[in-house]
Amino acid sequence: ALVGAINAGAHAVYLAGNRFGARAYAQNFDQETLHEVIRYAHMRGVLVYIAVNTIIYDDEIEALLQYTDDLVEHHVDAFIVQDLGVMELLIKRYPNVDIHASTQVNAHSVQQVQWLKELGVKRVVLARETPIDVIRMIKRHVDIELEVFVHGALCVCYSGNCLMSSMLGQRSGNRGECAQPCRLPYRLYKDQQIISDQSYLLSTKDLMTIEYIEALVDLGIESFKIEGRMRKAEYVIQSVLAYRKALDAVIALKKIDLQDSI
């Protein structure tokens, strides 16, 4: 998936190691492979962002810093962080490495983004559900890099604020262990009467914004994010290709061929 994304035209890839990432059950990279990935990407002019986007326990800080110190020594380009305490710690510890506020921070207002900028964050990955008019307002009032999710899975709850998995199955999404209970079928009752039997009532459709790419480019968004960390390689490749073609069309002042992209 990573090699395919780069060959399909991605300028940056985001991924995680075996700990501290929001996809604990994905096929994440071990430490040695992370070193190889960074070298592979950098040889091709592609940036590597490592997700450290879970809430970190106090007794994990030492292990976390050993992990991030090693990645900094191997020239990682940025860390994507949710935990605000860890965010401040990494900003102070690595003045020459960019720290990005994860979508798990659920930043979706001018005030939140302004606060993150004052903390020292280089880029804010906005909450996935942030409307385009709010994105426009944030971009107008805060001078900071913005990253916007353009394709992939949506959560039924606000980004980073879902406790459903931890309450039902003791698997916390904020620890990278979400069991995705919103993807399961449910019965809907009203006054003890079944209204809907075994329907996917909470499962959202995937986000697809290819027809809005030109508007997002016009807003001056620095980065478009495609979610693909638990997808097949073919999905990642085709998604990146479609958005690469759409972006190239916008840059060349041509009309996006939506039929070809979809």
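These numbers come from the heavy atoms of this one structure, side chains and all, not from hydrogens, waters or symmetry mates.
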Is there a path from V76 to I56 through hydrophobic residues (I, L, V, M, F, W, Y) whose side chains come within less than 4.5 Å of each other?
-> yes

Linking I/L/V/M/F/W/Y whenever their side-chain heavy atoms sit closer than 4.5 Å, directly or via other members, would L34 and Y94 fall into one cluster?
-> yes

Full working for salt bridge (Lys or Arg N to Asp or Glu O under 4.0 Å) between D206 and R231 = CA-CA 12 Å; D206 272 12; R231 308 281 189 164; 2.7 Å; yes

How close do [X] and [Y] get, counting heavy atoms only, and between which atoms?
| X | Y | answer |
| --- | --- | --- |
| V81 | V86 | CG1-CG1, 4.0 Å |
| L116 | A107 | CD1-CB, 4.0 Å |
| A127 | N106 | CB-OD1, 3.3 Å |

Within-4.5 Å side-chain heavy-atom neighbours: [X] and [Y]:
| X | Y | value |
| --- | --- | --- |
| D69 | R93 | yes |
| V110 | H141 | yes |
| M87 | I99 | yes |
| V52 | Y67 | yes |
| L47 | Y49 | yes |
| V148 | I132 | no |

Face-on cation placement of R44 at Y40 ring, 6.0 Å and 45° thresholds | yes

Would you please indicate yes or no on a ring centroid separation below 6.0 angstrom for H100 and F79?
-> no

Dump the intermediate steps for side chain to side chain contact (heavy atoms under 4.5 Å, CB included) on H75 and H42, then the final yes or no.
-> CA-CA 9 Å; H75 312 294; H42 284 177; 4.1 Å; yes

Return the set of residues passing side-chain hydrogen bond (donor to acceptor under 3.5 Å, both in side chains) with Q198 (not counting sequence neighbours), or none when no residue passes.
-> none

Judged by modelled atom types alone, do R244 and H11 share a side-chain donor-acceptor pair under 3.5 Å?
-> yes

When rounded to the nearest 0.5 angstrom, what is the spacing between CE in M164 and CG in L202?
-> 5.0 Å

Hey, are D248 and K254 close enough for a salt bridge, meaning a charged N less than 4.0 Å from a carboxylate O?
-> no

Taking the inter-plane angle between the rings of Y243 and H151 on a 0 to 90° scale, is it parallel (under 30°), tilted (30 to 60°) or perpendicular (over 60°)?
-> perpendicular

Only residue of K117, R123, K139 satisfying salt bridge (Lys or Arg N to Asp or Glu O under 4.0 Å) with E145 is R123

